[in-house]
Peer 1: 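I have a structure I would like to understand better, so I am pasting it below and will then ask my questions one at a time.
Just so it is clear, the values below take in all heavy atoms, side chains as well, and ignore hydrogens, waters and symmetry mates. In the text below, chain A, chain B and the rest are named by the order of the sequence lines, each starting its count at 1.
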Number of protein chains: 2
Amino acid sequence: MLKLTRKVEYSLIALRHMQRKSIDSVSSTKEIATHYNIPLEILAKTLQHMAKENIIEAINGPRGGYRIKAKLNNINLAEFFEKVEGPLGLSDCFYDANCMQIEHCNIRTPIQRINDNMINMFRSMSVQDITN
Amino acid sequence: MLKLTRKVEYSLIALRHMQRKSIDSVSSTKEIATHYNIPLEILAKTLQHMAKENIIEAINGPRGGYRIKAKLNNINLAEFFEKVEGPLGLSDCFYDANCMQIEHCNIRTPIQRINDNMINMFRSMSVQDITN
DNA sequence: TTTATATCCGATATAAATTATCGGATATAT
DNA sequence: ATATATCCGATAATTTATATCGGATATAAA
């Protein structure tokens with residue numbers, strides 16, 4: 001419960017790795033995967049996904065790889081999590097109502113409050129705060 | 001990602017249900033299950049668990065059921081989640097180190113910060129804040 | 001222009017966690 | 001006694017997360 005997925009973890013690890021290099025040098029999937037012991041194919045997918053979201057950019061061909069594209073201090077953690085994992089919410093009913101108890105549910109509103117607090121907390125931190 | 005489990009949801013629903021009754025009246029599993037459309041056996045387990053944690057108490061036999069035992073304003077959400085679901089943490093490595101990348105992990109410390117923020121947030125709300 | 005290295009990406013398999021069910025025991029008010 | 005309720009270990013089903021496969025495309029360098 002309340003765990004980050006590996007996809008998010010791998011994304012952050014990769015970003016931090018890239019950020020520590022000079023701005024225009026690239027990092028290949030293999031380089032990152034072997035360095036951090038991450039399954040290559042999974043990391044590949046993860047990086048492709050971040051590239052699609054314009055967080056990083058892909059350089060094809062030999063000597064290729066990825067490098068950071070977005071300003072990481074402009075992306076807050078709530079946005080980042082949503083880009084990588086999709087909609088954020090303590091319960092599904094906040095974005096995809098289809099719940100057996102929705103009619104009699106007596107905790108939706110109070111849980112919404114916890115949810116708001118959590119999201120505000122994530123909004124108050126940037127990706128840069130993590131990767132720096 | 002970052003979802004509450006049904007067990008937690010069912011627990012909160014049940015507590016809120018009980019709290020709306022007079023202090024010494026009991027609620028049976030069946031009563032709560034049918035009212036909120038929760039699978040009976042699951043709810044039974046959930047309530048047994050809360051009873052073991054001394055949050056509620058069980059009254060056996062016919063006319064039996066459960067009633068609130070603890071002072072809900074004295075239990076913060078972090079405690080509550082741990083009682084119901086076990087250790088809290090955005091990543092397993094915070095309480096059960098056994099991670100492939102532990103040696104080279106470059107995000108453990110920064111994620112710990114998010115984690116601390118999250119747990120503080122939960123500590124600042126009581127179960128009563130939810131069930132009231 | 002060939003070759004090696006890299007990303008790209010849909011499809012699918014595997015593993016883990018969550019959610020749900022079953023069977024039979026124990027307690028107790030009526 | 002009997003009916004109603006909790007108790008609880010074992011297991012099944014479902015869902016989600018994680019990982020793998022196969023083959024295509026792009027491109028730098030020999």
Side-chain angles (χ1 to χ4, degrees), chain A residues 1-11 13-14 18 25-34 36-53 55-67 69 81 84-87 89-92 96 98-101, chain B residues 1-11 13-14 18 25-34 36-53 55-67 69 81 84-87 89-92 96 98-101:
Chain A
M1 189 181 82
L2 294 170
K3 292 247 183 332
L4 300 179
T5 59
R6 291 239 204 289
K7 208 162 151 190
V8 166
E9 290 180 356
Y10 295 160
S11 297
I13 287 173
M18 290 184 230
S25 73
V26 302
S27 309
S28 75
T29 305
K30 194 197 287 181
E31 166 191 336
I32 299 175
T34 54
Y36 298 97
N37 232 312
I38 301 173
L40 184 83
E41 294 294 334
I42 298 252
L43 182 65
K45 283 278 195 318
T46 303
L47 296 176
Q48 281 158 35
H49 187 151
M50 279 205 288
K52 219 178 247 173
E53 295 288 344
I55 300 168
I56 58 181
E57 83 187 310
I59 313 294
N60 269 337
R63 308 294 206 112
Y66 295 90
R67 67 184 166 208
K69 186 175 177 193
F81 290 162
V84 174
E85 275 295 330
L90 287 175
S91 295
D92 288 344
D96 165 33
N98 182 26
C99 173
M100 278 342 293
Q101 39 262 140
Chain B
M1 188 181 83
L2 294 171
K3 292 244 183 334
L4 300 179
T5 59
R6 291 238 205 292
K7 208 162 154 191
V8 166
E9 290 180 356
Y10 296 160
S11 296
I13 287 174
M18 291 184 230
S25 74
V26 303
S27 309
S28 76
T29 305
K30 195 197 286 181
E31 167 192 335
I32 299 176
T34 54
Y36 297 99
N37 231 314
I38 301 173
L40 185 83
E41 295 294 334
I42 298 253
L43 182 64
K45 282 280 193 322
T46 304
L47 296 177
Q48 282 157 35
H49 187 153
M50 279 206 288
K52 218 178 247 172
E53 294 288 346
I55 301 169
I56 58 181
E57 83 187 309
I59 314 293
N60 268 338
R63 308 292 209 112
Y66 294 91
R67 67 184 167 210
K69 186 175 179 191
F81 290 163
V84 173
E85 276 295 332
L90 286 175
S91 295
D92 288 344
D96 166 34
N98 181 26
C99 173
M100 279 339 295
Q101 38 263 137

Peer 1: Of all residues at least two apart in sequence or in a different chain, which pass the side chain to side chain contact (heavy atoms under 4.5 Å, CB included) check with B/Asn60?
Peer 2: none
Peer 1: Looking at residues 58-67 of chain B, who's got a heavy atom less than 4.0 Å off DNA chain C?
Peer 2: B/Asn60, B/Gly61, B/Pro62
Peer 1: First and last nucleotide of DNA chain D in contact with chain A, 5' to 3', at under 4.0 Å to a heavy atom: what are they?
Peer 2: D/dT18 to D/dA28
Peer 1: In whole angstroms, how far is the C1' atom of C/dA16 from the CD1 atom of A/Ile42?
Peer 2: 13 Å
Peer 1: In whole Å, what is the span from the CG atom of B/Leu4 to the P atom of C/dT18?
Peer 2: 12 Å
Peer 1: Atom CG of B/Leu43 and atom P of C/dA20: how far apart are they, to the nearest Å?
Peer 2: 11 Å
Peer 1: Which residues satisfy the side chain to side chain contact (heavy atoms under 4.5 Å, CB included) test with B/Lys7, sequence neighbours excluded?
Peer 2: B/Thr5, B/Thr46, B/His49, B/Val84, B/Glu85
Peer 1: Rounding to 10°, can you tell me the angle the first-five-pair axis of the helix from C/dT1-D/dA30 to C/dT30-D/dA1 makes with its last-five-pair axis?
Peer 2: 10°
Peer 1: How do B/Tyr10 and A/Lys30 order along DNA chain C: which one's closest nucleotide is nearer the 5' end?
Peer 2: A/Lys30
Peer 1: Residues in salt bridge (Lys or Arg N to Asp or Glu O under 4.0 Å) with A/Lys52, at least two apart?
Peer 2: none
Peer 1: Check whether any side-chain heavy atom of A/Leu2 sits under 4.5 Å from a side-chain heavy atom of B/Phe81, and report yes or no.
Peer 2: yes
Peer 1: For DNA chain C, whose closest nucleotide is more 5', that of A/Ala44 or that of B/Pro39?
Peer 2: A/Ala44
Peer 1: Please enumerate all residues that pass side chain to side chain donor-acceptor pair (under 3.5 Å) together with B/Glu41, with sequence neighbours excluded.
Peer 2: none
Peer 1: In whole Å, what is the span from the CD atom of A/Glu41 to the P atom of C/dA11?
Peer 2: 16 Å
Peer 1: Using side-chain heavy atoms (C-beta onward) and a distance below 4.5 Å, is B/Val26 in contact with B/Arg63?
Peer 2: no
Peer 1: Go through the structure and list residues passing side chain to side chain contact (heavy atoms under 4.5 Å, CB included) with A/Ala58, not counting sequence neighbours.
Peer 2: A/Tyr66
Peer 1: At 4.0 Å (heavy atoms only), tell me whether A/Lys52 reaches a base, stays on the sugar-phosphate, or touches nothing.
Peer 2: sugar-phosphate
Peer 1: Quick one: list whatever passes salt bridge (Lys or Arg N to Asp or Glu O under 4.0 Å) with A/Glu57, sequence neighbours left out.
Peer 2: A/Arg67
Peer 1: Of all residues at least two apart in sequence or in a different chain, which pass the side chain to side chain contact (heavy atoms under 4.5 Å, CB included) check with A/Pro62?
Peer 2: none
Peer 1: Could you pull out all residues at least two apart from A/Arg6 that satisfy side chain to side chain donor-acceptor pair (under 3.5 Å)?
Peer 2: none
Peer 1: The criterion is side chain to side chain donor-acceptor pair (under 3.5 Å); which residues satisfy it with B/Ser91, sequence neighbours excluded?
Peer 2: A/Glu9
